[in-house]
Amino acid sequence: MNVKIKREIKVGILVVISLAFFYWGFNFLKGRNYFSSSRVFYAVYKQVNGLVEANSVMINGLKVGEVNKIAFLGNKGRMLVKFSIENDIEISANSIARIYNSDILGSRAIEIILRDSINSKGEHVYAKSGDTLMSGIQASISEEVSSQMLPLKKKAESLLASIDSVISVIQYVFNESTRQNLMHSFESIKFTIKNLEHATYNIDTLVNTQRYRLSVIFANIESITTNFKNNNSKLTNVINNFSNISDSLSKVRIVTTINKANNVLENFSEITKKIDNGEGSLGLLINNDSLYNDLNKSSKELNLLLKDLRLNPHRYVHVSVFGRNPKKDQYKAPGEKK
């Protein structure tokens, strides 16, 4: 009987040891080691963004601990994260426990960002087990992709709106009447192409029929160019002669001649101005009626004198031994009666 009890006790002890070993192995596989001395720290976050228990705690890329517990803190929705650090590295009091992406698949972990913490005495201040560290959160891959894709999304939406506007404009422009006009335009283009084909056919026919004349024309043109080539020296002399003539014309003092002509015209203008103003004999003759009348009267009297001299020459030329009779030779006008 005693032997049986001893066997049952041994079996029970073995089962308990097996269960304990299984529990320890299970938690060890989850990253928990209950037989190691570790320090416990806390951090408060607005959200954990996929962080779960047993996630790693890293310092400069090296795993130094794991997340032990995640729970709500109060009724404001904040999250309290408890994590342990097995490494004996000293952590400053103002270090930051930042949640970040540990791999490309989006797994989350806590990274301890070490910072210097010096008090007023110049001493380094390190965090102790049970302290709460400052927290930080790195955007997840999906959030980063979303933030990168957001401008592209906005541009795509704007582009779609522009395309929609363009399609609306196209639908408005290409209405039934516009489509009919386009059909008529295409028909006109088709008719124009036919006319061009007919014209090219006529040109081809004309060239074929007038090939001999065209060859003669080209031969004449070639002959003309040959003559020009053969008489190149003579043409050069002609051009040089024209150049000499133009140089001679350019050397003529045309400007001096024009200036002299302008001076003559100015002098003539001054003379005519003086005549108009009654200056000089010619001006007085033209502008003064009394002088004209006196000259006219003098010319009449001279005419009468000449006429009397012709009719009565003895009155002016007298040859007599006994002298002349004054009464007999008294002057009378040619028109008076004797």
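Residue numbers count from 1 along this sequence.
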Verify the cluster assignment for [X] and [Y]: are they in a single hydrophobic cluster under the rule of side-chain heavy atoms below 4.5 Å apart?
X	Y	answer
Ile59	Ile137	yes
Ile113	Leu62	no
Ile189	Leu182	yes
Leu214	Ile221	yes

Any side-chain to backbone donor/acceptor pair from [X] onto [Y]? Under 3.5 Å, distance only.
X	Y	result
Asn94	Asp116	yes
Asp204	Thr200	no
Ser158	Lys155	no
Asn220	Val216	yes
Ser95	Ile91	no
Asn119	Gly122	yes
Asn230	Thr226	yes

Which value, rounded to the nearest 0.5 Å, describes the distance between [X] atom [atom1] and [Y] atom [atom2]?
X	Y	atom1	atom2	answer
Ser162	Glu157	OG	CD	11.5 Å
Ile193	His198	CD1	NE2	16.0 Å
Arg78	Gln47	CZ	CD	14.0 Å
Gln180	Ser185	CD	OG	11.0 Å
Ile112	Met134	CD1	CE	11.0 Å
Asn237	Ser233	CG	OG	6.0 Å

Closest non-hydrogen atom pair, [X] against [Y]:
X	Y	answer
Ile70	Leu51	CD1-O, 3.2 Å
Ala43	Phe83	CB-CE2, 4.1 Å
Leu114	Ser92	C-OG, 4.5 Å
Arg108	Ser102	N-OG, 4.1 Å
Asn68	Ser84	OD1-N, 2.9 Å
Ile89	Arg39	O-NH2, 2.6 Å

Given the rule in the side-chain contact (heavy atoms from CB on, under 4.5 Å) test, do Lys69 and Val81 qualify, once you have shown the distances and angles that lead to the verdict? CA-CA 6 Å; Lys69 187 178 180 180; Val81 177; over 6 Å; no

Any side-chain heavy-atom pair from [X] and [Y] closer than 4.5 angstrom?
X	Y	answer
Asn55	Val52	yes
Ile110	Arg98	no
Met79	Leu73	no
Asp131	Tyr42	no
Ile85	Phe41	yes
Tyr45	Ile99	yes
Glu123	Ile118	no
Lys128	Tyr126	no

Leu80 and Phe72: side-chain contact (heavy atoms from CB on, under 4.5 Å), yes or no, with the steps? CA-CA 6 Å; Leu80 177 65; Phe72 284 101; over 6 Å; no

For Glu86 and Val64, run side-chain contact (heavy atoms from CB on, under 4.5 Å): C-alpha distance rounded to whole Å, both residues' side-chain angles, the deciding distance at 0.1 Å, then the answer. CA-CA 6 Å; Glu86 300 174 358; Val64 295; over 6 Å; no

Counting neighbours of CD on Glu222 that are heavy atoms of other residues, nucleotides or ligands and sit closer than 6.0 Å, is the number greater than 12?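 Result for CD/Glu222: open.
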
